[in-house]
Amino acid sequence: MVTRSKEETEVVLTRPLSIDGESDVAYRAPNLSHRILSLFKNVRPGSDLTTHFKLPPLFNFPKSHLQCYGETVYCIGSDMLSRCNLADNSVDRFRSVVAWSISTLRPPIFGVAPYNPILGETHHVSRATLNVLLEQISHHPPVSALHATDEKQNIELIWCQQCVSKFHGATVETEMRGKRQLKLLSRGETYEMNSPNLLIRFLPMLGVDWAGNVRIRCPESGLEAELRYGPKSFLGLRGSHRSVKGKIYETSRRKTLFELNGHWDRTVTMKDNNSGRLTVIYNAEEVFSGLKTPIVNDLQGVQSTESAAVWSELSQAIMSQDWEKAKQAKNAVEEKQRELLRERESKGTTWVPQYFSVTYSQDGGWDCSPTQQWVPPAPIVVPLA
């Protein structure tokens, strides 16, 4: 959807990814495997692709990484985030947080990727009383920050995420570094968690999957969870596609309370180790059903740094498959960033994020803290009906 103001500000918003990984772009690049492999012909195994690798528009789909991160929070069919704060029992709340964590995964699309956000790019969207704000707090390396608050439900989210992609010959693995926090403010509980990694395979079979270990812990309740996301095997003959297995246990005694098993694109069941009872805690059909494309509610309130505005010309060109125009639009955005960098260097100034204070240490990596207590309502909203 394209929205224009009288001052010719354009905002392009595309529908969220479905459970099948479908997007507004129905094309696939011709000779896809050959073209993708040609991108890596001069890249050595073990190389860091995050900083030195540029993707042509032919391999982009019309969203920024910031929009993709934000959609995992505000584009959801069933409001699993609010459920986390409803139960009076800390064990039940922890189970709800685990289920919500699984719901934040979105199906990746092989052969195309979102745009790498520019420095200072923002994305601000509201869904009912949940207000979500993201900002790109570093470009080299790429680091994104997210702050979301729901005053009605007394919930706060703070994420700081750095993507590190490395080429390994037949695969590219993107490690999602950084900490994610979910705070249930009225309960005095903070849940810390990480994200699985993204694994792209070129040989012997093309494919892309979420894979790796996720740990969720709540120091206040003394509970932890360990989840293992599994891809298919190297040859694609073994392994359970999009599987998730794990357990919830007491930190002090390492006593397992529940065992989890299933698939994040279908259902995940939980077994109570005391009673043996099985319960479905996650149903992908509920999460992905009826997803709505965000709409502009207040065009004058959209900032120039908004993802949907920054990349609007490129997104339109990609959706119309005008590759020459797409190349020009992408170059224009990147050149403007180089000009701003040269200007800062000439003045001896340092760029500072608008909405986050940022720290970095060799041991702890990147960390961020929001500069405002509550995220204000956004000019872009997710329709509820």
Side-chain angles (χ1 to χ4, degrees), residues 13-19 23 63-86 96-108 114 117 121-137 143-163 176 178-185 190-196 198 210 214 216 264 282 284 286-295 297 306-308 355-356 368-370 372-384:
L13 295 161
T14 56
R15 64 187 173 99
L17 294 178
S18 71
I19 191 63
S23 71
K63 290 182 191 293
S64 166
H65 268 292
L66 286 192
Q67 292 171 280
C68 293
Y69 295 150
E71 286 183 2
T72 66
V73 176
Y74 62 71
C75 277
I76 192 165
S78 179
D79 188 3
M80 301 186 69
L81 182 59
S82 295
R83 293 180 196 171
C84 297
N85 206 29
L86 295 180
S96 295
V97 170
V98 170
W100 170 79
S101 171
I102 297 171
S103 78
T104 61
L105 286 185
R106 291 297 182 271
E121 181 179 326
T122 60
H123 186 48
H124 190 193
V125 178
S126 292
R127 182 187 187 275
T129 56
L130 176 67
N131 303 315
V132 183
L133 177 62
L134 299 98
E135 183 174 14
Q136 191 70 8
I137 57 176
V143 184
S144 308
L146 178 148
H147 186 211
T149 57
D150 189 326
E151 291 189 62
K152 182 179 179 181
Q153 300 295 337
N154 276 303
I155 290 176
E156 181 178 30
L157 292 170
I158 303 173
W159 295 0
C160 189
Q161 186 161 291
Q162 176 190 1
C163 295
M176 304 295 186
K179 182 172 59 178
R180 297 182 173 190
Q181 290 184 326
L182 165 58
K183 298 184 178 183
L184 304 182
L185 301 174
T190 297
Y191 298 80
E192 296 182 355
M193 63 200 75
N194 62 308
S195 169
L198 191 65
W210 293 105
V214 169
I216 304 170
W264 60 263
Y282 170 81
E286 293 179 3
V287 172
F288 287 91
S289 64
L291 297 184
K292 304 292 185 181
T293 302
I295 61 174
N297 187 49
E306 164 62 46
S307 296
Y355 302 107
F356 296 88
C368 61
S369 300
Q372 50 191 355
Q373 182 179 5
W374 301 103
V375 177
I380 299 173
V381 299
V382 179
L384 297 181

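The figures that follow rest on heavy atoms only: side chains count, while hydrogens, waters and symmetry mates do not.
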Are the side chain of K63 and the backbone N or O of R15 linked by a donor-acceptor pair below 3.5 Å? yes

Is the closest side-chain heavy-atom distance between R106 and C68 below 4.5 Å? no

Exam field: side chain Q67 to backbone S64, donor-acceptor pair closer than 3.5 Å: yes

Just so I know, are the side chains of S78 and R83 near enough to count as touching, which here means a heavy-atom distance under 4.5 Å? yes

Gap separating the NZ atom of K183 from the CD atom of E192, nearest 0.5 angstrom: 9.0 Å

Taken in chain and number order and not counting sequence neighbours, the residues that satisfy ring-ring contact (aromatic ring centres under 6.0 Å, His included) with Y69 are H65

Can a side-chain donor-acceptor contact be found between Q161 and S144 if the only test is distance below 3.5 angstrom? no

Do the non-hydrogen side-chain atoms of D79 and R127 ever get within less than 4.5 Å of each other? yes

Between the side chains of H123 and Y74, is a donor N or O closer than 3.5 angstrom to an acceptor N or O? yes

Shortest non-hydrogen contact from C160 toward I137: SG-CD1, 4.1 Å

Rounded at 0.5 Å granularity, tell me how far OG in S101 sits from CE in M80. 10.0 Å

From SG (C84) to OH (Y191), nearest 0.5 Å: 7.5 Å

Heavy-atom closest pair (L157 atom, V73 atom, distance to 0.1 Å) is CD1-CG1, 3.7 Å

Could you measure the distance from the CD atom of Q181 to the CG atom of L146? Nearest 0.5 Å is fine. 12.0 Å

Please report the interatomic distance CD1(I158) to CZ(F356), rounded to the nearest 0.5 Å. 8.0 Å

Any side-chain heavy atom of W100 sitting closer than 4.5 Å to one from M193? yes

With side chains defined as the heavy atoms from C-beta onward, is the minimum distance between L81 and D150 less than 4.5 Å? no

Heavy atoms, side chains only, cut-off 4.5 Å: are S96 and L86 in contact? no

Has E135 got a side-chain atom pairing as donor or acceptor with Y355's backbone, closer than 3.5 angstrom? yes

Pairing donors with acceptors under 3.5 angstrom, does anything connect the side chains of T149 and N131? no

Side-chain donor-acceptor pairs under 3.5 Å in residues 372-384, sequence neighbours left out?
none

Work out which heavy atom in E71 is nearest to a heavy atom in T14; give both atom names and the distance. OE2-O, 4.1 Å

For V214 and N194 the tightest heavy-atom approach is CA-OD1, 3.4 Å

For residues P107 and W264, report the shortest heavy-atom separation together with the two atoms involved. CA-CH2, 3.8 Å

Restricting to non-hydrogen atoms, name the atom on P196 and the atom on M176 that form the minimum distance, rounded to 0.1 Å. O-CG, 3.3 Å

Quick check: do I155 and L185 have side-chain heavy atoms less than 4.5 Å from each other? no

Gap between atom CD of Q136 and atom OG1 of T122 - 0.5 Å precision: 11.0 Å

